[in-house]
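Excluded from the calculations below are hydrogen atoms, water molecules and symmetry mates; all remaining heavy atoms, backbone and side chain alike, are included.
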Amino acid sequence: MQDFRNLQVWKKAHELALLTYRLTSEFPKEEIFGLRNSMRKTSVDIPAFIAEGCGKSNDADFAKALGASLAFANRLEYYALMAHDLGMINEASHTALQNEIVEVKKMINGFSRKLIISHS
């Protein structure tokens, strides 16, 4: 068991959640319970599952939590595309968000592989 706050992957995922909150703050009021809420919840689930994984008793269970985190990152990637295509976020914001999502996904994949290899 380790402190999730010490993991670079968690720090990057937390930054992604903060960025998502900032970018969705200007969404139309009718989206408060729609795409805005979905993006915010999903972005928070990414670092939350990493944190949860730190409390697991073994690396295999931690890797499963990372798999869930990766799934939420993929979901957020789609939501960002949807928000962009609907004109809720501009091209520059979408690109910045997309780049952060991809970076987090790479970090999750790398960390997960490291756990699986050390578990083998």
Side-chain angles (χ1 to χ4, degrees):
M1 184 163 30
Q2 57 186 304
D3 186 346
F4 63 87
R5 290 171 286 253
N6 294 330
L7 295 176
Q8 291 302 313
V9 65
W10 177 85
K11 290 176 184 177
K12 190 70 169 176
H14 180 67
E15 289 173 15
L16 174 61
L18 295 172
L19 175 62
T20 301
Y21 264 73
R22 285 192 295 276
L23 290 178
T24 58
S25 66
E26 299 297 319
F27 277 23
K29 284 191 185 251
E30 63 267 13
E31 284 300 324
I32 288 175
F33 299 108
L35 192 55
R36 176 183 170 200
N37 188 51
S38 296
M39 287 181 73
R40 285 179 168 198
K41 181 172 179 352
T42 299
S43 72
V44 170
D45 284 337
I46 299 166
F49 269 93
I50 295 168
E52 181 179 318
C54 285
K56 299 294 184 179
S57 60
N58 59 61
D59 287 348
D61 287 341
F62 194 171
K64 287 177 189 173
L66 289 173
S69 185
L70 182 61
F72 282 109
N74 284 323
R75 181 184 293 183
L76 181 60
E77 189 170 16
Y78 168 68
Y79 288 157
L81 176 63
M82 185 70 158
H84 173 261
D85 289 351
L86 290 170
M88 293 180 201
I89 55 174
N90 63 35
E91 187 68 35
S93 295
H94 178 252
T95 299
L97 184 57
Q98 178 68 26
N99 289 343
E100 291 298 313
I101 294 168
V102 168
E103 183 65 24
V104 167
K105 287 169 54 174
K106 287 178 183 178
M107 291 178 79
I108 292 169
N109 275 324
F111 192 63
S112 184
R113 275 194 295 270
K114 180 180 162 190
L115 282 176
I116 292 169
I117 290 170
S118 71
H119 182 46
S120 298

Participant: Enter the distance from L16:CG to H14:NE2 here, rounded to the nearest 0.5 Å.
Facilitator: 10.5 Å
Participant: At their closest point, which heavy atom of F62 faces which heavy atom of F111, and how far apart are they?
Facilitator: CZ-CE2, 3.5 Å
Participant: What distance separates W10 CH2 from N6 CG, expressed to the nearest 0.5 Å?
Facilitator: 9.5 Å
Participant: Suppose we screen for side-chain hydrogen bond (donor to acceptor under 3.5 Å, both in side chains). Which residues come up paired with H84, at least two apart in sequence or across chains?
Facilitator: E91
Participant: Taking side-chain contact (heavy atoms from CB on, under 4.5 Å) as the test, write out the residues that go with N37, two or more places apart.
Facilitator: none
Participant: To the nearest 0.5 angstrom, please state how far the NZ atom of K64 sits from the CG atom of N58.
Facilitator: 8.0 Å
Participant: Quick one: pull up CG in L35 and CG in L86 and give me the separation to the nearest 0.5 Å.
Facilitator: 7.0 Å
Participant: Quick one: which residue pairs count as a salt bridge (Lys or Arg N to Asp or Glu O under 4.0 Å) with a foot in residues 66-87, not counting sequence neighbours?
Facilitator: E77-K105
Participant: Run the side-chain donor-acceptor check on residues 40-51: report pairs under 3.5 Å with partners two or more places apart or on a different chain.
Facilitator:
from	atom 1	to	atom 2	distance (Å)
R40	NE	T24	OG1	2.8
R40	NH2	Y21	O	3.1
K41	NZ	D45	OD2	3.2
T42	OG1	S38	O	2.8
S43	OG	M39	O	3.3
S43	OG	R40	O	2.9

Participant: With rounding to the nearest 0.5 angstrom, report the CG to CG distance, L19 to L97.
Facilitator: 5.5 Å
Participant: Going by the salt bridge (Lys or Arg N to Asp or Glu O under 4.0 Å) test, which pairs reach into residues 5-28, not counting sequence neighbours?
Facilitator: D3-R5, K12-E100
Participant: What pair of heavy atoms forms the shortest contact from D61 to S57, and how long is it?
Facilitator: OD2-OG, 4.3 Å
Participant: Using a 4.5 Å cut-off between side-chain heavy atoms of Ile, Leu, Val, Met, Phe, Trp and Tyr, which other residues end up in the same hydrophobic cluster as L81?
Facilitator: none
Participant: Can you see which heavy atom on A73 is nearest to which on I101, and at what distance?
Facilitator: O-CG2, 3.6 Å
Participant: Check the hydrophobic clustering (I, L, V, M, F, W, Y; side-chain heavy atoms under 4.5 Å; chains of links allowed) and say if F72 and M82 are grouped together.
Facilitator: yes
Participant: Grouping I, L, V, M, F, W and Y whenever their side-chain heavy atoms are under 4.5 Å apart, do M88 and I32 come out in a common cluster?
Facilitator: no
Participant: If I take atom OG from residue S112 and atom CG from residue L70, how far apart are they, to the nearest 0.5 angstrom?
Facilitator: 8.0 Å
Participant: Please report the shortest heavy-atom distance between A63 and L115, naming the atom on each side.
Facilitator: N-CD1, 4.0 Å
